[in-house]
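All remarks here apply to the structure that follows.
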Protein chains: 2
Amino acid sequence: MDSKIVNLRTKLNIFKATSNGANIADCPVRDVMQGVNGKWSSLLMAALAEQPYRFGELRRLVPDISQRMLTQTLHDLQRDGFVHREVFPTKPPSVEYSLTDLGRSMFGALHQLILWAEINHGAVREARAAFDAGG
Amino acid sequence: MDSKIVNLRTKLNIFKATSNGANIADCPVRDVMQGVNGKWSSLLMAALAEQPYRFGELRRLVPDISQRMLTQTLHDLQRDGFVHREVFPTKPPSVEYSLTDLGRSMFGALHQLILWAEINHGAVREARAAFDAGG
DNA sequence: CAGCATCCCTCCGGATACTG
DNA sequence: CAGTATCCGGAGGGATGCTG
């Protein structure tokens with residue numbers, strides 16, 4: 001048993017949240033994970049980790065995101081301090097999105113998960129197939 | 001610009017998915033992230049990374065999860081090959097859940113994000129407060 | 001170009017009651 | 001103890017149309 005993990009649970013109250021009148025924000029994991037939880041968040045983080053992009057460019061990069069969800073997800077990422085939004089008063093106006101320092105820091109961790117997903121994608125698919133086949 | 005990340009996008013088609021007739025499973029990030037995306041998945045992974053637990057123990061560890069969601073999330077994690085489910089034919093029966101090798105491997109990456117969340121929770125909350133206050 | 005507003009619907013997930 | 005079954009409200013998210 002990894003003592004670091006036990007310490008993590010004990011010290012940070014990973015599991016305690018809304019019970020006993022506490023707010024969900026008291027649980028760092030749940031609170032911060034909500035940023036990653038969105039259907040598009042990690043995808044947009046990966047895109048902006050590459051380089052800054054404008055609104056329309058992001059739409060083209062992620063063809064099947066609706067403009068509503070793009071707006072909303074970028075807004076949420078901005079609110080969490082991960083994304084910086086810069087408006088250039090050109091005509092027509094253009095808006096550029098980029099990662100903040102906090103965003104880059106967060107993506108450093110998220111990146112590990114993305115790399116893992118790429119490497120082990122096949123294993124996960126096989127596990128699913130086996131599960132669906134035999135039980 | 002990090003060439004590794006550019007390579008990631010190009011090579012793995014992070015952003016392409018359901019367009020041009022492809023399945024979402026063609027995008028490793030989206031496909032695997034769905035496991036993490038669940039409201040309870042990462043929490044249960046963290047719990048089981050600590051040690052194997054039985055159904056009722058998990059309920060007590062995560063007081064505000066409904067038994068429906070606990071069943072369903074464990075089922076999904078099992079299907080993805082992250083969690084092993086072992087039934088002991090005792091009376092009354094007991095079921096133990098533990099991480100598989102694949103699950104432990106995945107949690108290695110997820111753990112980075114959890115640690116990040118703990119360390120930077122304050123920064124995220126401050127960013128939100130600032131955003132909500134001034135825009 | 002970069003969005004906000006509106007409508008609408010799916011499905012996530014909670015509450016409750018019942019089984020092996 | 002460890003689940004299934006059913007009902008149901010609300011958030012998530014798509015489609016469309018309009019603005020600065």
Side-chain angles (χ1 to χ4, degrees), chain A residues 15 17-21 23-24 27 30-31 33-44 47-48 52-80 83-98 131 135, chain B residues 15 17-19 24 27 30 33-44 47-48 52-80 83-98 131 135:
Chain A
F15 306 120
T18 50
S19 57
N20 61 33
N23 193 303
I24 193 178
C27 172
R30 302 195 195 189
D31 196 26
M33 279 300 179
Q34 300 204 316
V36 184
N37 265 346
K39 187 175 178 182
W40 308 102
S41 311
S42 49
L43 225 44
L44 292 178
L48 295 174
Y53 280 114
R54 289 172 52 188
F55 190 85
E57 295 173 325
L58 287 171
R59 278 200 78 168
R60 261 165 273 129
L61 271 179
V62 189
D64 56 341
I65 193 174
S66 68
Q67 139 267 41
R68 172 180 158 76
M69 278 303 102
L70 181 53
T71 301
Q72 183 175 303
T73 306
L74 285 171
H75 182 270
D76 292 348
L77 290 175
Q78 187 191 359
R79 193 176 100 97
D80 280 358
V83 161
H84 173 68
R85 178 178 187 271
E86 182 137 23
V87 183
F88 295 98
T90 56
K91 210 173 179 303
S94 68
V95 182
E96 187 179 87
Y97 293 91
S98 56
F131 186 87
Chain B
F15 306 121
T18 50
S19 57
I24 193 178
C27 173
R30 301 195 195 187
M33 279 301 181
Q34 299 203 318
V36 184
N37 265 346
K39 185 174 178 182
W40 308 102
S41 313
S42 49
L43 224 47
L44 291 178
L48 294 174
Y53 279 115
R54 289 174 50 189
F55 190 87
E57 294 174 326
L58 287 171
R59 279 203 78 166
R60 263 166 271 129
L61 271 178
V62 189
D64 55 342
I65 193 175
S66 69
Q67 133 271 43
R68 170 177 159 72
M69 278 303 104
L70 182 53
T71 301
Q72 183 174 303
T73 306
L74 286 171
H75 182 271
D76 292 348
L77 291 174
Q78 188 190 358
R79 194 176 101 95
D80 280 358
V83 161
H84 173 69
R85 178 178 187 268
E86 182 138 22
V87 184
F88 295 98
T90 56
K91 213 172 174 318
S94 69
V95 180
E96 188 179 87
Y97 294 90
S98 57
F131 186 88

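Letters A, B, ... mirror the listed sequences (proteins, then strands); counts begin at 1.
The aromatic rings of B/F131 and A/H75 sit perpendicular to each other, their planes meeting at more than 60°, with 30° as the lower class boundary.
Rounded to whole angstrom, the span from the CE atom of B/M69 across to the P atom of D/dG10 amounts to 17 Å. Atoms CZ (A/R68) and P (C/dG3) sit 15 Å apart, rounded to a whole Å. The distance from atom CD of B/E96 to atom P of D/dA2 is 10 Å, rounded to the nearest whole Å. Between the P atom of D/dG14 and the CZ atom of A/R59 lies a distance of 11 Å, rounded to the nearest Å. Regarding A/F55, its CZ atom lies at a distance of 14 Å from the C1' atom of D/dT19, rounded to whole Å. Rounding to whole angstrom units, CZ of residue B/R85 and C1' of D/dC1 are separated by 12 Å. Nucleotide C/dG20 holds its P atom 13 Å from the NZ atom of B/K91, rounded to whole Å. A/E57 has its CD atom 16 Å from the C1' atom of C/dG3, to the nearest Å.
Side-chain contact between B/L61 and B/L44 is absent, with no heavy atoms from C-beta onward closer than 4.5 Å.
Residue pairs meeting the side chain to side chain donor-acceptor pair (under 3.5 Å) criterion with at least one member in residues 54-63 of chain A: none, sequence neighbours excluded.
Distance alone, capped at 3.5 Å, places no donor-acceptor pair between the A/S41 side chain and the A/N37 backbone.
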Open item on the list: Go through it in stages, so that I can follow the logic: the residues are A/L58 and A/L48, the test is side chain to side chain contact (heavy atoms under 4.5 Å, CB included), and I'd like the CA-CA distance, side-chain angles, deciding distance and then a yes or no.
Closed with: CA-CA 9 Å; A/L58 287 171; A/L48 295 174; 4.2 Å; yes

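Backbone-only contact: B/Y97 has heavy atoms under 4.0 Å from sugar-phosphate atoms and none from a base.
Residue B/R54 has its side chain nearest to D/dC1 when only D/dG13, D/dG3, D/dC1 are considered. Among D/dG3, C/dG3, D/dC1, the nucleotide with an atom closest to any side-chain atom of B/Q67 is D/dG3. Comparing atom distances between the B/S66 side chain and each of C/dA2, D/dC1, C/dG14 picks out C/dG14 as nearest. Picking from C/dA2, D/dG14, C/dG14 the nucleotide with the shortest atom distance to the side chain of A/W40 gives D/dG14. Checking C/dG20, D/dG14, C/dG3 against the side-chain heavy atoms of B/P93 singles out C/dG20 as nearest.
B/Y53 has no side-chain polar atom (N or O) that falls below the 4.0 Å cut-off from OP1 or OP2 of D/dA2. For A/K39 and D/dG14, the shortest distance from a side-chain N or O to OP1 or OP2 is below 4.0 Å.
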